[in-house]
Each structure stands twice: as C-alpha cells, then as structure tokens.
Amino acid sequence: MEIKDKKFIEESFPVKEVSEISAKEKNIRHGHISTLHIWWARRPLASSRATSYAALIPAPKTPEEWEKRRQFIIELSKWENSLNPNIIGKARKDILEANGGKPPKVLDPFSGGGSIPLEALRLGCEAHAVEYNPVATLILKCTLEYPQKFGQPKEIEQDWGLLKSKLSNPLLEDVKKWGNWVLEEAKKEIGRFYPKDEDGSIPVGYIWARTIPCQNPSCNAEIPLMRQFWLAKKKNKKVALYPYVDGKEVKFKIVGDGYEKMPEDFDPSKGTVSRAIATCPVCGFTIDANTTRKLFQEGKAGQRMVAVVSHYPNRQGKTYRLAIEKDMEIFKEAEKYLEEKREKIKDEWGIDPVPDEEIIKKCHEVDRMPMYGMLKWGDLFNPRQKLALITFTEKIRQAYKKMIEEGYDEEYAKAVVGYLGLGVNRLATYLANLVRWRGDALSFERIFDRQALGMVWDYGEVNPFSDSRGRWDLEPMIETISHLTQIPPVELEGPVIPKVTQASATELPYPDNYFDAVFTDPPYYDNVPYSYLSDFFYVWLKRSIGDLYPELFMTPLTPKTKEIVAYSHQKGGFEAGKKYFEEILKKAFKEAARVLKPDGIATIVYTHKSTSGWETLIN
C-alpha cells in the first residue's frame with residue numbers, strides 16, 4: 001500500500017493564533033450557527049475550518065512555503081473571512097489540487113452542532129454528517145442540507161427599467177414570511193392575555209416568586225422565595241423590591257432611583273433563600289434544604305406574581321410596578337383558556353399538547369427538577385407559558401397545511417417549518433419557569449446558560465409579543481440562514497448536497513474505504529449529558545414538526561441506549577460508566593477506520609481538562 005505524502009497538520013499548525021481567534025468567536029452573534037439553536041459544547045468554526053484545511057493540504061517543502069501557508073491558515077480562520085470569495089476560493093482550490101481535482105469526501109461521525117461538517121462544506125468538500133441525537137440531526141439538516149438544497153440565491157425576472165432581474169433567496173423569504181404569519185396568528189388568539197398598561201407601556205415580562213409555608217407552627221406565613229431583590233443594578237440606576245411585613249403577610253414596595261427612597265439598612269442582594277435554605281421574613285424561622293424540597297414534592301409550594309417590568313415604545317429603559325389584582329385575573333383567564341384549548345388539541349393531535357413525558361431522575365444535570373416536584377417536562381412552564389407555547393406550536397402545524405394548500409413542494413415546506421420548529425424551541429428557553437430576571441443586564445436570561453437545568457426561585461415570565469429579549473423573534477435565525485446560503489455549493493456534475501444521517505457512530509451506513517477524511521470531535525466521558533438535556537427540546541419538536549419527521553421523533557424521548565457517554569448511574573458507578581464509554585468509543589473509532597480509505601486521514605479533536613482523558617483516547 002502506497003502511503004501518500006504527509007499533510008500540513010502532521011508537521012505544523014498555528015495553534016496559538018487559531019486558539020485566540022476561536023476564543024473571540026464566542027462574542028459573534030450575527031450569522032453564526034450558535035444563534036440557530038442551542039447545542040452544547042459546539043466546536044468553534046475557526047478551529048474546525050483551520051484544522052480541516054491543514055489536514056487536507058500537503059506538508060510544506062520549504063521554510064518559505066511553510067510560513068506562507070501558516071499565515072494563510074491564520075487569515076482563513078478569521079470569522080470576517082468566512083465568506084471572503086478570494087480566501088475561501090483559494091482554500092478550495094488548494095484542497096482540490098491536493099485531492100486529484102475531486103472534492104474530498106469528508107465524514108464527521110459525531111456531528112453534534114455541525115461545526116466540523118459545515119467547515120468541510122465551506123472548504124469545498126463533499127460533507128457527510130452522522131449524529132445519533134434526533135434534535136441535533138434536525139439542527140444539522142437546517143445548517144447543512146436545507147441552505148444548500150433550497151437556499152441558493154436565484155435570479156428572478158423582474159422588469160426594473162434598465163435592470164431586468166434581481167436576486168432572491170426563497171428559503172430566507174419564506175422562513176421570514178411564515179414566521180411572521182405564525183406570530184400574527186398567535187397574537188390574534190392569545191395576545192389579549194398580555195395587555196398593554198393603561199399608560200401605553202408594554203409589559204416585557206412578569207416577575208414571580210415561588211412560595212412555601214413557614215414551618216414555625218406559631219407563624220405559618222407564606223414565604224416568597226427570592227434569591228435577591230434587585231430589579232435594576234446599573235451604575236446609573238438602582239431599583240429594588242423592598243419586602244416588609246404587614247401582620248403575618250410579606251408585602252413589597254419598589255424603592256430606588258425614580259421610586260421611593262431605598263432604606264439605608266437594606267441590602268437587596270440578600271434574599272429569603274440560598275441553596276434551598278429559606279428564612280421566613282415574618283418570624284425569622286429557618287427551613288433546611290431537605291424540608292424545602294419536601295414541601296415542593298408534596299405540592300405545598302405555590303407561586304406569587306410580584307412585579308411587572310414594562311417598556312414604553314420609542315423610549316429607552318424599563319419601568320417597574322408591583323403586580324396588581326388585575327394582572328392575576330388576566331393570568332387566571334389564560335389558565336382557564338389553556339384547559340379548554342388543551343382538551344380540544346389533545347383530541348385533534350392524539351397527544352397532550354403540553355409535554356407529559358417524564359424527566360428522567362438518573363441524570364444529575366436535570367434531576368434538580370424532580371427534586372422540586374417537577375416530574376414532567378410540562379412542569380417547567382407556568383399555565384400562561386404553556387398556553388403560549390402550544391399556540392405557537394399549533395400555528396406551525398397550520399402553516400405547513402396552508403403552504404401545501406397554496407401549492408408549495410412538500411419537501412420544501414417541511415424545510416421551512418423545520419426552522420419554525422427550532423423557533424418554538426428558542427421561545428421555550430425564555431418561556432420557562434427557570435428563567436432569571438437579570439437586574440445587571442435589564443433583561444431575561446434564557447435557560448441553559450450552563451449545561452444543566454438549575455432551580456430558579458424567583459423567575460421571569462417573558463411576554464412573547466413584546467419588543468424585548470425573549471419574544472418570538474426569528475431575526476437571529478434569518479441572519480444565520482442568510483450566511484449559510486451564501487456558502488457556494490460544491491460542484492461534482494451538479495451541486496453536491498451535504499448528507500445528514502441519524503445513526504450511531506458504531507454502525508456507520510457506509511461501505512468500506514469510502515471516505516478521504518474523517519474529522520470529528522467525540523464526546524468526552526460524562527462532560528455533557530446531551531440526550532437528557534435535549535429532551536427539553538425534543539418534546540416540543542415532537543409536537544410542532546414530529547409528524548413531518550417520523551423517523552426522528554418516534555420515541556417518547558431522545559434515544560439513549562447507544563449514546564456514547566460515561567454516566568455514573570450505570571450499574572457499577574462511574575468506573576463501569578467509564579469502561580463502557582471507552583469500549584464503545586473504541587468501537588466507533590474502528591468503524592471510522594473501516595469507512596476511511598487506506599491512505600485517508602483522520603483528525604480527532606479532543607478538549608478535556610484532564611490529561612487522563614487525553615491518555616485514554618490516544619491509547
């Protein structure tokens with residue numbers, strides 16, 4: 001067997017520079033795939049692009065060539081050059097030359113959020129993405145397949161006097177058009193449950209406190225559980241909720257700049273609860289963490305709307321007021337309407353529109369929820385949030401039907417509503433009762449700011465029809481689709497569409513010696529429990545677009561049996577989980593070797609803080 005010449009990456013790589021560029025990528029929002037949908041531990045595009053290029057071109061023959069290539073790789077990895085026709089064109093030309101004039105076939109068997117196959121596509125390769133998780137598979141279709149298949153800008157005939165035609169991007173326009181249709185239809189139906197205030201201001205959201213009864217027998221007051229009381233904590237504006245006791249009741253005032261004076265001895269950063277240990281503001285009694293959890297599990301916890309955050313159109317800044325009886329009346333009306341709508345849809349869909357699938361207790365990153373009595377995925381949303389999400393979900397199903405009635409191609413319509421399904425997921429990350437109000441940022445922070453679901457005592461309920469963060473807003477997604485559709489197609493007797501397949505990395509649906517390269521970033525032990533976290537999204541996708549993707553959404557929750565992760569809950573604890581992970585990963589590497597040509601190249605990306613992780617992988 002003849003071994004081809006060494007590749008550039010085998011001799012050298014500008015690690016420091018590409019690492020610095022990759023680190024900056026976290027701050028890029030416009031057009032970046034991270035804004036399409038959350039996926040955990042997604043690789044930076046910069047390093048994926050640079051390593052793929054360096055692995056596909058030959059090693060340099062002279063020091064001058066080495067320096068030239070090195071500088072080119074640094075330029076290539078910059079985000080601002082990701083659509084630069086000269087730089088991307090040169091990279092594609094270099095790779096074609098190195099591969100005998102044919103686009104190399106590249107596989108990522110652990111595709112996840114899609115960084116590696118996307119960059120292989122950008123570099124002119126025939127990209128193949130394999131992924132076990134159905135949520136990630138759909139994200140990959142929307143990242144790789146649909147923009148190339150349906151989003152290439154077309155010239156359409158239009159008479160503009162001297163200019164006879166203009167460019168159009170049908171995919172972009174239809175996602176925008178039907179996204180707006182969904183918003184307007186939802187607003188017509190449930191907009192009344194998010195009314196404007198009498199002074200014309202629009203509620204951005206509502207701040208709730210979960211409550212438990214004080215366990216001091218002589219007190220029994222209702223304790224509002226709040227980790228802190230800040231509403232605005234900016235240099236030039238400090239506003240807080242001030243709790244005071246009236247008889248056996250905890251009431252609130254708004255104090256600070258523009259409101260009543262803040263009492264001097266009041267520290268808004270000290271709340272009534274920390275690490276599940278609660279203190280009663282009425283009698284000072286302390287409730288330990290286990291008792292707090294027990295009260296939640298026994299259904300003795302409640303919730304109370306405390307404040308409303310509003311915004312005046314065309315005016316900067318937010319205003320705050322205490323929640324009043326009318327706010328609660330409207331909320332209760334929404335709750336009543338939810339029950340009617342839920343029953344009606346249940347009959348229509350043959351499934352409860354509110355996710356009734358159980359949260360699996362075995363996984364530490366999601367078991368906080370069952371610990372507090374939230375046993376089903378639907379428990380992560382209050383009644384008005386449930387109503388909003390099932391309404392948007394229903395409108396997406398109706399949008400698909402309407403598109404078919406209007407004569408749209410079925411596959412194309414399925415692609416368009418695929419993006420809208422991701423839009424509901426995006427909305428669900430803001431419309432959950434685990435969303436925090438951030439006084440330092442004056443906005444709501446979506447869930448999954450880390451790779452776990454943590455308990456939130458005082459939560460923010462976002463208004464999906466406002467003009468602030470957390471609303472139904474497909475603009476970031478539109479910008480990403482726009483970026484993805486500008487990547488020129490790979491040509492091989494016509495455009496080559498990237499192939500996305502849901503399969504296990506241990507059973508690849510490809511013949512032996514098929515690929516020129518395997519570039520991948522395998523999972524790291526128990527670093528991210530992808531399947532358990534992605535159940536949050538899976539249950540909503542199943543309801544919005546599951547009928548159109550039966551092959552992805554036929555199981556109650558995401559499949560877990562073949563997931564290559566080292567969970568310590570497997571029989572035998574972490575050691576057994578570790579052993580399982582290593583054996584299955586070895587099997588996946590054997591599969592990758594089987595489908596790789598004898599002279600092909602494999603690049604394994606592995607970022608783990610422990611050297612033992614590296615060592616095991618190399619062994």
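Using modelled atom types, one finds no donor on one side chain facing an acceptor on the other under 3.5 Å when comparing Ser544 with Thr393. Side-chain contact of Asn463 with Tyr206: a donor-acceptor pair under 3.5 Å is absent, judged by distance alone. At a cut-off of 3.5 Å, with distance as the only test, no side-chain donor of Tyr459 or Arg436 sits close to an acceptor on the other residue. Thr506 and Glu591 share no side-chain donor-acceptor pair at under 3.5 Å. For the residue pair Thr292 / Tyr372, no side-chain donor-acceptor distance below 3.5 Å is found, with atom types taken as modelled. With no hydrogens or angles considered, a side-chain donor-acceptor pair links Gln486 and Ser482 at under 3.5 Å. No side-chain donor from either of Tyr532 and Asp367 sits under 3.5 Å from a side-chain acceptor of the other.
Tested against Trp540, the residues Phe553, Phe392, Phe381 include a single ring-ring contact (aromatic ring centres under 6.0 Å, His included) partner, Phe381.
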- Item | Check against side chain to side chain contact (heavy atoms under 4.5 Å, CB included), Asn180 and Leu474 | CA-CA 9 Å; Asn180 284 335; Leu474 299 187; over 6 Å; no
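Look at Lys376 and Glu358 and you find no salt bridge, because none of the NZ, NE, NH1 or NH2 atoms lies under 4.0 Å from a carboxylate O. Between Glu20 and Lys16, at least one side-chain N (NZ, or NE/NH1/NH2) sits under 4.0 Å from a carboxylate O, which counts as a salt bridge. Between Lys499 and Glu131 there is no salt bridge, since no side-chain N of the basic residue sits under 4.0 Å from a carboxylate O of the acidic one. Ion pairing between Arg43 and Asp521 holds under the 4.0 Å rule for side-chain N and carboxylate O.
By the side-chain contact (heavy atoms from CB on, under 4.5 Å) test, Glu507 pairs with Lys562, sequence neighbours left out. Every residue meeting the side-chain contact (heavy atoms from CB on, under 4.5 Å) condition with Pro44, not counting sequence neighbours, appears here in chain and number order: Ser22, Glu25, Ser47.
Checked against the 6.0 Å centroid threshold, Trp39 and Phe448 do not count as a close aromatic pair.
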